[in-house]
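Only this structure's heavy atoms are used, side chains among them; waters, hydrogens and symmetry mates stay out.
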Amino acid sequence: DALAHATESYLNLGSDPLLDSLNIRAIRMIGQNLRAAVHDRDPEAIAQVSLASCMTGLAFNMNANAIVHAASTPVTAHHGVPHGVANAIFLPPGLDVIRPACEEKLGEIAAALGEDVVGLVPSDAAKRGVEGVRRLLLDCGLPPTLQAWGLDPAAMDVPRLIEDAMQSRNIATNPRPIGPPELAELYAAAAGTAETTTIREGSAP
């Protein structure tokens, strides 16, 4: 959840230099410490992740989030998927949705997570940012899809989920215009029913 807060607050339309400084540092701290916090229960790593959560909490309360929280929250409400797990599942495909509108910053996220982006064009660095997030979450044992978590995609009332997501304040702060068609693709990717977990780049208006 803290990683979703940090990345979405860093990328959304309400970002500014002060919030950026909190969020990118929080992303770096999470990248450096989350694995040890999860697998080793290392006290210092847990403390650093907790501090990062506090830092990005200050930030996103000033400028909201983006499509990940907009789409994941209804799944928690209607299907009981824990909030942090739902955000982890929606985060990589959600970042893919907004990637064309924030390539430079996604490249910065990649670097903050320790990915090698030297010499890469912005589009490739941005893709590495998405993959860096995906790899971190998988390394921590989080499921890649809702189906892997145990939710039957056939049980999902996607039109209702989309309707709820469109009412979220996080749609307005999304760095790329988002409507029901893009949310439908995101839900398919998160559910595990899409042919690919990468959202097509030309789908947003």
**Prompt:** Angle class for the Phe90/Tyr187 ring planes (parallel below 30°, perpendicular above 60°, tilted otherwise)?
**Reply:** perpendicular
**Verify same cluster id: Leu51, Val38 (apolar side-chain graph, 4.5 Å)** = no
**Asked** Would Val133 end up clustered with Val117 when hydrophobic side chains under 4.5 Å apart are linked, directly or stepwise?
**Response** no
**Smallest separation among heavy atoms of Pro143 and Ile89, with atom names** = O-CG1, 3.2 Å
**Request:** Check whether more than 12 heavy atoms from other residues, nucleotides or ligands sit under 6.0 Å from atom CD of Glu104, and answer yes or no.
**Result:** no
**Request:** Not counting sequence neighbours, which residues clear side chain to side chain donor-acceptor pair (under 3.5 Å) with Asp139? List them please.
**Result:** Arg35
**Asked** Roughly how far apart are Arg169 CZ and His69 NE2, rounded to 0.5 Å?
**Response** 9.5 Å
**Over all atoms of both residues, closest heavy-atom pair of Ser9 and Asn65** = N-OD1, 4.4 Å
**Request:** Flag the pair Gln48 / Asp42 as yes when at least one side-chain heavy-atom distance between them is below 4.5 Å, and no otherwise.
**Result:** no
**Message:** Could you measure the distance from the OG atom of Ser168 to the CD1 atom of Ile67? Nearest 0.5 Å is fine.
**Reply:** 10.0 Å
**Shared hydrophobic cluster for Val81 and Leu186 (ILVMFWY, side-chain gaps under 4.5 Å)** = yes
**Message:** Tell me which pairs pass side chain to side chain donor-acceptor pair (under 3.5 Å) where either residue lies in residues 108-124, with sequence neighbours left out.
**Reply:** Tyr10-Glu108, Glu115-Arg135
**Prompt:** Do Thr173 and Asn63 come within less than 4.5 Å of each other through their side chains, counting heavy atoms only?
**Reply:** no
**Asked** Out of curiosity, does Leu19 fall in the hydrophobic cluster containing Ile109 (side-chain heavy atoms, cut-off under 4.5 Å, transitive links)?
**Response** no
**Asked** What about Leu22 and Leu106, same hydrophobic cluster or not, with Ile/Leu/Val/Met/Phe/Trp/Tyr joined at side-chain heavy-atom distances under 4.5 Å?
**Response** no
**Fill in**
Here the gap from Glu8 atom CD to Thr56 atom OG1, rounded to the nearest 0.5 Å, amounts to 9.5 Å
**Non-hydrogen side-chain atoms of Pro175 and Lys105 separated by less than 4.5 Å** = no
